[in-house]
Amino acid sequence: MQVIATAGHIDHGKSALVRALTGMEPDRWAEERRRGMTIDLGYAWLALPSGERLAFVDVPGHERFVPNMLAGVGPVPGVLFVVAADEGWMPQSAEHLAVIDALGISRGLLAVTRADLADPGPAMAQAAALIARTSLGAVESFAVSAVTGAGLPQLVAGLDRLAAALPAPDPRSAVRLWVDRAFSITGSGTVVTGTLPAGTVRAGDELLVTPSMQPVRVRGIESLGEPAAQASGVARVALNLRGASLAGAGRGGLRRGMALITGGCWTLTDMADVRLSWPAVTGGAAGTIRANRTGGTVRPPLPRLPREMTLHVGSARTVCRVRSLGDAHARLTLSEPLPLHVGDRVLLRDPGAARADGHPAVVGAIILDVAPPPLTRHGAAAAAAAQLATWPDRPTAAELLRRHGLLRTTALRAMGVDGQPAEAAAGWLADPAHRRDLERRLAGAVAAHAAANPLAPGMPAEAARAAIGVPDRRLVEALVRPPLTLRAGLITVAERGDREPDSGLPAPVAAAVRALRADLSAAPFGAPEAARLRELGLGSRAIAAAQRAGLLLRVSDQIVLGPDAAALAAAVLARLPQPFTAAQARSALGTTRRVAIPLLEYLDRAGATERLADDRRLLRGPSRNAAADVERYRQ
């Protein structure tokens with residue numbers, strides 16, 4: 001199945017032609033029938049000779065109903081352009097063609113109606129020449145009469161060729177169904193209709209209603225008036241929904257302009273960077289102004305856009321602010337978020353801009369970035385325009401990563417990007433150049449931390465994350481490369497020449513510790529005086545680092561011993577009669593009161609000794625248990 005739209009001036013016979021082709025009445029609303037013109041969107045379908053089925057979205061022609069026409073033309077890949085032989089090219093003909101051109105629709109046919117009332121030649125020649133200047137290019141043309149049937153068989157054959165030439169959508173694509181009608185049926189509940197351009201909808205599927213992101217369940221599907229278990233794009237569908245209500249009936253009430261989407265596959269955004277293109281035909285006059293990505297041809301700059309315009313995509317429309325980034329690029333800030341992909345085509349319309357022919361301005365735009373970075377620095381807009389000018393109309397992961405540096409894999413998927421590169425870490429992707437820059441910055445941050453904290457065992461990974469400005473600690477871990485190493489959440493430089501490999505201490509500190517331990521080897525409880533510590537260059541930070549490395553034991557602020565001094569003291573005290581006095585302990589340890597009292601208090605805290613009421617002490621358990629207690633305390 002394929003879907004195309006009709007287009008053309010009011011009362012040029014679009015609905016009559018669809019009726020003659022299909023035998024169906026596209027104007028189904030009473031007001032449309034009464035007034036004799038299409039006010040809203042009408043639908044009908046035709047079985048082609050090849051067996052393909054072709055659905056028509058019959059759009060309004062009157063200028064007052066242009067927004068409804070945009071809702072119908074937006075989601076379709078082809079168009080049947082209608083011009084009446086007895087009236088020729090008219091204002092709404094030009095406006096509809098401008099919309100088609102701005103949306104980049106490239107396949108269609110020209111039908112010159114009322115060939116029974118006037119010579120179709122002049123109207124066909126004029127229309128074909130104007131259409132050829134647009135995205136449609138040269139199209140097959142047919143002179144027809146809905147009254148006599150003349151030319152209809154040839155037009156049907158042309159429609160068959162057009163349907164065969166339309167692109168085949170991917171049934172596995174993510175679903176985005178723009179709602180063009182929402183109503184309630186007694187006994188069934190809420191029903192919505194729309195054109196499904198790609199993807200597959202199945203009964204039982206859960207979809208999300210934008211912008212509320214409320215989940216709804218597909219209860220039933222109808223396509224071309226027949227029930228179906230599933231429908232794949234391109235298709236005209238009606239969905240009966242469970243969990244949905246109409247607008248005004250509660251949160252997330254459905255109305256035209258909303259969309260039903262596959263969760264996690266679209267970016268709901270209120271900001272986008274776009275490439276602009278001005279239609280080549282406006283108001284009957286041919287122009288040549290196009291965006292600078294069309295074949296590389298240098299063309300005049302685009303006219304300056306107003307600060308505020310109406311954005312149309314699918315059946316949605318919302319006001320947006322326009323900030324020019326350069327000749328052919330702009331940033332749009334939307335008043336309501338919309339589900340968008342990069343590569344989407346949207347339309348910008350200025351209903352208040354009165355041109356010489358009295359019709360509002362229409363400009364096409366291609367979405368290039370659905371989550372653009374802020375423009376905060378001087379010259380950021382010009383830099384953004386220069387970067388975007390090098391991008392294709394459908395950016396790849398490489399372009400987006402080059403701009404953003406880091407992106408989650410889920411974010412790229414929601415942007416509509418396929419072919420993602422390998423992950424950097426834990427669901428993140430990195431631009432290669434940005435990753436190399438982060439690795440350099442991480443190495444610099446670790447070096448700066450080591451210089452400022454020479455005795456620290458390493459830089460905490462979380463501190464490194466903050467220093468280089470990445471959003472996830474796991475990214476920091478993925479950026480660690482030799483000579484950096486990561487262990488126990490700390491990042492260090494592996495085996496630097498100015499550090500002892502075994503201890504991780506700076507070489508001068510390690511040498512001072514070795515000298516102090518040599519002093520203690522002959523008198524293990526002969527703690528050095530403050531003057532000796534100053535002589536060795538061992539300040540409080542150096543001693544703390546040596547204790548963390550297991551090379552010294554700091555008993556108190558003034559007493560420093562070897563790492564096994566406490567366990568050795570417990571073994572010596574175990575040979576004393578129990579309980580024992582401080583004087584007995586000092587004598588057994590062969591040290592001074594300056595060392596003995598702090599060492600006994602240390603053993604008390606460790607649970608190796610117990611201080612009694614008469615100020616004597618009792619060793620707790622055998623000496624081996626005391627030594628174990630001391631070791632646990634040290635740890």
Side-chain angles (χ1 to χ4, degrees), residues 169-178 197-200 206-208 210-211 213 233 259-275 293 313-314 325 329-334 337-346 365-375 380 383-439 465 468-479:
D170 185 353
R172 300 166 298 176
S173 295
V175 168
R176 180 180 59 181
L177 180 73
W178 294 105
T200 300
E206 182 180 89
L207 301 173
L208 301 178
T210 63
M213 304 305 280
L260 301 176
I261 63 170
T262 304
C265 295
W266 298 88
T267 301
L268 189 67
T269 181
D270 61 0
M271 185 176 292
D273 283 353
V274 301
R275 174 171 295 134
R293 286 292 298 175
V313 55
L325 300 179
H329 297 89
R331 175 159 295 182
L332 308 180
T333 303
L334 316 183
L338 296 172
L340 298 174
H341 273 173
V342 297
D344 276 347
R345 287 186 176 268
V346 303
I366 299 172
I367 303 293
L368 297 180
D369 194 346
V370 292
L375 301 174
Q387 183 182 46
L388 295 173
T390 66
W391 288 16
D393 286 346
R394 188 175 184 84
T396 64
E399 276 100 22
L400 288 161
L401 283 170
R402 200 153 42 240
R403 187 181 208 203
H404 290 269
L406 291 168
L407 284 171
R408 287 189 180 276
T409 54
T410 52
L412 267 179
R413 184 167 60 251
M415 290 178 177
V417 177
D418 298 323
Q420 299 183 3
E423 293 184 17
W428 287 93
L429 298 166
D431 172 62
H434 185 64
R435 177 169 184 151
R436 290 192 294 271
D437 180 59
L438 287 176
E439 289 174 351
R465 183 202 66 76
I468 66 175
V470 295
D472 194 322
R473 171 176 163 167
R474 293 171 294 181
L475 280 170
V476 174
E477 296 170 356
L479 293 170

Exercise for review: For L429 and T409, work out which heavy atoms get closest and say how close.
Suggested key: CG-CG2, 3.6 Å
Study note, to complete from the structure: Between L475 and P471, the two heavy atoms sitting closest are CD1-CD, 3.9 Å
Point to revise | L368 to H329 - nearest heavy-atom pair and separation | key: CD1-CD2, 3.8 Å
Review point. Measuring from D344:CG to R176:CZ, what's the distance to the nearest 0.5 Å?
Key: 4.0 Å
Review point. Between L375 and A380, what is the shortest heavy-atom contact and its length?
Key: CD2-O, 3.8 Å
Revision key, fill the gap. Here the gap from E399 atom CD to H404 atom NE2, rounded to the nearest 0.5 Å, amounts to 11.5 Å
Study note, to complete from the structure: For V476 and V470, the nearest pair of non-hydrogen atoms, with its separation, is CG2-CG2, 3.7 Å
Exercise for review: Quick one: pull up CG in L407 and OG1 in T410 and give me the separation to the nearest 0.5 Å.
Suggested key: 9.5 Å
**Study point:** Student check: side-chain heavy atoms of W178 and V313 closer than 4.5 Å
**Key:** yes
Review point. Hey, does the side chain of W391 reach the backbone of T396 with a donor-acceptor pair shorter than 3.5 angstrom?
Key: no
Exercise for review: Would you confirm whether T269, through its side chain, and A371, through its main-chain N or O, come within 3.5 Å as a donor-acceptor pair?
Suggested key: no
Check your understanding: Can you list the steps and then say if L406 with H434 is a side chain to side chain contact (heavy atoms under 4.5 Å, CB included)?
Key -> CA-CA 8 Å; L406 291 168; H434 185 64; 3.9 Å; yes
Exercise for review: With rounding to the nearest 0.5 Å, note down the distance linking CG in L479 to CZ in R435.
Suggested key: 5.5 Å
Exercise for review: Examine distances only and state if a side-chain atom of H341 and a backbone atom of I367 form a donor-acceptor pair shorter than 3.5 Å.
Suggested key: no
Check your understanding: What is the distance from atom CD1 of I468 to atom CG of L438, rounded to the nearest 0.5 Å?
Key -> 5.0 Å
Exercise for review: Nearest 0.5 Å please: distance from the CG atom of L207 over to the CD1 atom of I261.
Suggested key: 8.5 Å
Point to revise | All side chain to side chain donor-acceptor pair (under 3.5 Å) counterparts of E206, not counting sequence neighbours | key: none
Practice item. Using side chain to side chain donor-acceptor pair (under 3.5 Å) as the criterion, list what pairs up with T200, not counting sequence neighbours. Key: S232
Practice item. Determine the minimum heavy-atom distance between L332 and V274, stating which atoms define it. Key: CD1-CG1, 3.7 Å
Exercise for review: Answer yes or no: is there a side-chain heavy-atom contact under 4.5 Å between D393 and R275?
Suggested key: yes
Practice item. Please list, chain by chain and in numerical order, all residues satisfying side chain to side chain donor-acceptor pair (under 3.5 Å) with R403, sequence neighbours excluded. Key: D273, D369, Q387
